[in-house]
Amino acid sequence: MFPDTPSRIQYPAIWVRLIIACFAMTGILALLTQPGHFIATDLGAWGLDWSRFKSCVNDQVYPCTELSFFPLAYLMNSGVLFFLRTLGLKSHHGMLIINSLMLTLPIIYLLTTRPLRQARVLSLIYVLAILLTCTTSMYLYTGALEVQAGVLIGIFLAAWLEISAQPLRKGKAITLFYFVTCGLLLAFYKDTNTVVLLASLSVVILLRAGARLVQADRSSLVLGAVKLMLPVGVLTLAALANLAYNMFRYDSYLPTAYLNIAASYAPSLRKSAEFFAATFLSPNGGTIIFWMGGFTGAVWLLIRSQFLIASDAILIGVILILASAIGFSLWWNPFGWDAWGDRLMVPAALGTLIMLILSAKPHDTALGFRTISVQFIHGFPVKITLLVIFSLSLYFSLISYYSDRRALMNQAMFGTTNCQNMMKLLRSDSQVVRQGFWRSEHYYNCASERFLHFPTLIRPNKT
């Protein structure tokens, strides 16, 4: 349990700050030494959306069928890239700038909503937690936008926890601004973000209200409803914007092109169970291997720095990650491995990590703050288990820093016989996708081999 006596916030020890500096240099060197290894994931599909959008508006073409099937946030990114290109920057350098700026938003949030000393300590913890994952090495210099969604989800949830903890005061205006802005934007990255987030918050509110009803506190139902109405209102506005964008593209409120693709991937329940297990246990970037280094480092540093972790934040995060894993497993989970690790789980996992850090409170100011017990960490078997998982996660991150990133990803995605055969079949028959290919054994055999792949270091070619 955390100590009952108030104590000052402690900066992480000097050796911890040295580790952070070393990891920061590692991340910077990884980007500087391999500037040509841009991972173009999805950029070819949505990169010209802004030009297509302008063309449709200028020519008054409706519906604008030339736009990609990607949601509204991709159009916004395309617009930013279009602007950066007018300044002489290439698209891949533009994505590096956009993704890097997005990862700084949690630090800006802390600096503008917390006392300076708290903000500094939590920012240090955030930096180390991010650097202990593959986020900087594999998801900054890329056309994938999942990291952007994860950042917005984390800030949105942290702001909601802050706003709903006590009555809104003048000092919370900036927090309310972050809450509304991030809530509107995060739904633009994926329509299902709205559903998963509302489901997670609803479960937490119902559990808390149910516990209070047992104690005959009926006012908790009203309070819970008020707390839920805040995210419902913001996310509903975002959903309406998505519906308008769908109508502009398809003359339909539903994202028909996206739904048609998703329908062609829908697996059986047996396959969904395999995908669900792989989501967490795959050595090729399952959630445990990909994220536990960052989570373990963050929780340990929060405890050492005398910060308390909100139990509501943990509960929301667990539900968010589980709901995302179930949803993607019933949909087209293997597609998530067309990247480094399971890309589809990045928003939920990164959002949870950011929420835990941003919502933590110093021990001597957290009166009435519902927290968790950490006694279980003191057990020797648990310590050994966590150490093993942390070591595997750290290994997974480090090889992404020091390997040839393009070769590393190609090995993870197409390094097996079944995956190579699958790609040959796709290239040889342009009609194969229309014939249920994504539910065929050709695809599933490749997916199974990807799940079991154990990545190894591939040194960059210096010639």
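R343 meets the salt bridge (Lys or Arg N to Asp or Glu O under 4.0 Å) test with D42, E146; sequence neighbours excluded. Taking the ring pair (Phe, Tyr, Trp, His ring centres under 6.0 Å) definition, one finds that F396 meets it with F290, W340, sequence neighbours left out.
In this structure, K361 pairs ionically with E162, as a charged nitrogen and a carboxylate oxygen lie closer than 4.0 Å.
T181 contributes no side-chain N or O that, together with a main-chain N or O of Y178, makes up a donor-acceptor pair within less than 3.5 Å. Side chain of T112 to main chain of Y109: a donor-acceptor pair is present (N/O by atom type, distance under 3.5 Å, no hydrogens or angles). Under the 3.5 Å distance criterion, the side-chain polar atoms of T287 are left unmatched by any main-chain donor or acceptor of F280. Under the 3.5 Å distance criterion, the side-chain polar atoms of T142 are matched with a main-chain donor or acceptor of I39. In this structure, the side chain of N99 engages the main chain of L140 through a donor-acceptor pair within 3.5 Å. A donor-acceptor contact shorter than 3.5 Å is absent between the side chain of S393 and the backbone of I389. Proximity of a side-chain donor or acceptor of D312 to a complementary backbone N or O of V204 within less than 3.5 Å is not detected. Remark: side-chain polar atoms of S403 are not paired, donor with acceptor, to backbone N or O of R405 under 3.5 angstrom.
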Quiz: residues 230-247 side-chain donor-acceptor pairs under 3.5 angstrom, not counting sequence neighbours:
unit_1: T236; atom_1: OG1; unit_2: V232; atom_2: O; d: 2.5
unit_1: N242; atom_1: ND2; unit_2: A187; atom_2: O; d: 2.9
unit_1: N242; atom_1: ND2; unit_2: D191; atom_2: OD1; d: 3.3
unit_1: N246; atom_1: OD1; unit_2: R249; atom_2: NH2; d: 2.8
unit_1: N246; atom_1: ND2; unit_2: N242; atom_2: O; d: 3.3
unit_1: N246; atom_1: ND2; unit_2: Y253; atom_2: O; d: 3.0

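Ring pair Y74/F188: centre-to-centre distance not below 6.0 Å.
Using modelled atom types, one finds no donor on one side chain facing an acceptor on the other under 3.5 Å when comparing Y139 with T133. Between the side chains of S137 and Y402, no donor N or O sits under 3.5 Å from an acceptor N or O.
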Could you walk me through whether I125 and S305 satisfy the side chain to side chain contact (heavy atoms under 4.5 Å, CB included) test, starting with their C-alpha distance in whole Å, then the side-chain angles of each, then the deciding distance to 0.1 Å, before giving a yes or no? CA-CA 9 Å; I125 294 172; S305 303; 4.1 Å; yes
Stepwise ring-ring contact (aromatic ring centres under 6.0 Å, His included) check, F454 with Y395: CA-CA 11 Å; F454 189 86; Y395 164 82; 5.5 Å; yes
